[in-house]
Amino acid sequence: MILSGSEIAARMGKDISIEPYDPAQLNPNSYNLRLHEELLVYDAPVLDMKLENKVSKLTIPPTGLRLDPGKLYLGRTLEYTRSDKLVPMLEGRSSIGRLGMFVHVTAGFGDVGFKGYWTLEIFVVQPLIIYPDVEVCQIYYHHIDGTYTTYKNGKYQNNTGIQPSKLYQDFK
C-alpha cells in the first residue's frame with residue numbers, strides 16, 4: 001500500500017523526514033525532490049566493476065548545463081531523506097521523462113531505514129539543458145509486511161553527497 005500525500009505530511013518528523021521540507025512539493029501520493037547543483041561523471045571511457053572508478057565534479061550553473069547522450073551523470077537530491085518502518089521508492093517526474101531525461105536508470109528502490117541523499121543516475125536520450133533546484137523526481141512510500149531488518153550499515157547509508165558505485169567493495 002502506498003501512502004497518500006496527506007499521510008506523508010502527517011508522518012513528517014515521525015517515521016518520515018525530508019529536509020528541507022516544503023508543503024508545495026507534496027503531491028496526492030508522493031513528494032517532489034529537487035536536483036542539487038553538483039554532478040559527477042566517470043573519467044574513464046570503460047568502467048571496471050572490480051575497481052573504484054575515478055570521477056570528476058561538474059557544477060550546474062544557474063544558466064544551465066547541457067547534458068549529452070551516451071554519458072552517465074550522477075547527481076543527487078537537494079533533500080536529505082530518512083524513513084523508518086516504510087519502504088521509500090523514487091521515480092522520475094513524467095515532465096522530466098517526456099524530455100528524454102531518466103533520473104534513475106535502475107536504482108529507484110530504497111531500504112527500510114535508509115538515511116541520506118538519493119544519488120540519481122541521470123541519462124538523456126538527446127541533448128538537454130538542465131538547471132539546479134528543479135523538481136526532477138518524486139519519493140513515495142510503501143508499507144512493509146512481515147518481520148524485517150532495518151537498513152543501518154551499508155555502502156550508501158548516511159551519505160553526505162553523490163555516491164559513485166561502490167560495487168568494487170563486494171569483490172573483497
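Note that the numbering runs from 1 along the sequence shown for the chain.
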One pair to check against side-chain contact (heavy atoms from CB on, under 4.5 Å): K71 and V41. What are the steps and the verdict? CA-CA 8 Å; K71 189 168 195 76; V41 291; 3.9 Å; yes
Answer yes if I129 and L65 sit in the same cluster of Ile, Leu, Val, Met, Phe, Trp and Tyr residues linked by side chain heavy atoms under 4.5 Å apart, and no otherwise. yes
Treating Ile, Leu, Val, Met, Phe, Trp and Tyr as nodes and any side-chain heavy-atom pair under 4.5 angstrom as an edge, say whether I96 and L39 lie in one connected cluster. yes
Could you check whether any side-chain heavy atom of L33 comes within less than 4.5 Å of a side-chain heavy atom of L78, counting everything from C-beta outward? no
Side-chain donor/acceptor pairs under 3.5 Å, residues 23-30, sequence neighbours excluded:
unit_1: Q25; atom_1: NE2; unit_2: N32; atom_2: O; d: 2.7
unit_1: Q25; atom_1: NE2; unit_2: E79; atom_2: OE2; d: 3.3
unit_1: N27; atom_1: ND2; unit_2: S30; atom_2: OG; d: 3.0
unit_1: N27; atom_1: ND2; unit_2: N32; atom_2: OD1; d: 2.8
unit_1: S30; atom_1: OG; unit_2: Q138; atom_2: OE1; d: 2.8

Minimum heavy-atom separation for Y141 and S83, please, with both atom names. CE2-CB, 3.8 Å
Is there a side-chain contact between L74 and Y42 in this structure, where contact means two heavy atoms from C-beta onward sitting under 4.5 Å apart? yes
Please check if the distance between the ring centroids of Y140 and H142 is under 6.0 Å. yes
Residues joined to M49 in its hydrophobic cluster, side chain to side chain under 4.5 Å directly or through other members, sorted by chain and number, are L167, F171
I need the minimum non-hydrogen distance between V103 and G92, along with the two atoms involved. CG2-CA, 3.4 Å
Taking D68 for its side chain and P127 for its backbone only, find out whether a donor-acceptor pair lies under 3.5 Å. no
Results of side-chain hydrogen bond (donor to acceptor under 3.5 Å, both in side chains) for R98 - residues two or more places apart only: none
Please report the interatomic distance OH(Y80) to OG1(T160), rounded to the nearest 0.5 Å. 9.5 Å
Point-to-point distance, once rounded to the nearest 0.5 Å, from CD of Q169 to NZ of K50: 15.0 Å
Do the rings of Y21 and Y31 sit parallel, tilted or perpendicular, given the 30° and 60° boundaries? parallel
Using the rule that two of Ile, Leu, Val, Met, Phe, Trp, Tyr join whenever any of their side-chain heavy atoms come within less than 4.5 Å, decide whether Y73 and M101 are in one cluster. yes
Classify the side-chain pair S17/E19 by whether it contains a donor and acceptor separated by less than 3.5 Å. yes
Could you measure the distance from the CD1 atom of I130 to the CG atom of L67? Nearest 0.5 Å is fine. 4.0 Å
Taking all non-hydrogen atoms of both residues, which atom of N159 and which atom of G116 are closest, and how far apart? ND2-CA, 3.9 Å
Using side-chain contact (heavy atoms from CB on, under 4.5 Å), reason through V87 and M89 one step at a time and then give a plain yes or no. CA-CA 7 Å; V87 178; M89 303 285 289; 4.2 Å; yes
Determine whether a donor-acceptor pair (N or O, by modelled atom type, separation under 3.5 Å) exists between the side chain of D43 and the backbone of S56. yes
Does some side-chain heavy atom of P20 sit less than 4.5 Å from a side-chain heavy atom of R34? yes
Could you state whether V55 and Y168 fall into the same hydrophobic cluster, counting links through intermediate Ile, Leu, Val, Met, Phe, Trp or Tyr residues with side-chain heavy atoms under 4.5 angstrom apart? no
Does one hydrophobic cluster hold both I18 and V136, with members joined at side-chain heavy-atom distances below 4.5 Å? yes
Kindly indicate whether the side chain of K85, heavy atoms from C-beta on, has any atom under 4.5 Å from the side chain of V112. no
How long is the straight-line distance from CG of L40 back to CD1 of I162, given to the nearest 0.5 Å? 4.0 Å
First locate atom CG of L120, then atom CG of L90, and finally report the distance between them rounded to the nearest 0.5 Å. 6.5 Å
Close side-chain approach of S4 and I8, heavy atoms under 4.5 Å: no
Taking G161's backbone N and O only, do any of them form a donor-acceptor pair with Q163's side chain (distance below 3.5 Å, no angle check)? yes
State, yes or no, whether a side-chain contact exists between T77 and C137 at a heavy-atom distance under 4.5 Å. yes
Does K14 reach the main-chain N or O of A10 with its side chain, forming a donor-acceptor pair under 3.5 Å? yes
Interatomic distance, CG@L86 vs CG@D111, rounded to 0.5 Å, equals 13.0 Å
Min side-chain heavy-atom separation I122-L72 under 4.5 Å: no
Do the charged groups of E38 and R76 touch, with an N to O distance under 4.0 Å? no
Within the 4.5 Å heavy-atom criterion, are P132 and L35 side-chain neighbours or not? no
Heavy-atom pair with the smallest gap, counting every atom of P62 and Y131: O-CD2, 3.5 Å
Main chain of R82, side chain of D84: is a donor-acceptor contact present, judged purely on distance under 3.5 Å? no
Is it true that atom NZ of K57 has more than 12 heavy atoms of other residues, nucleotides or ligands lying nearer than 6.0 Å? no
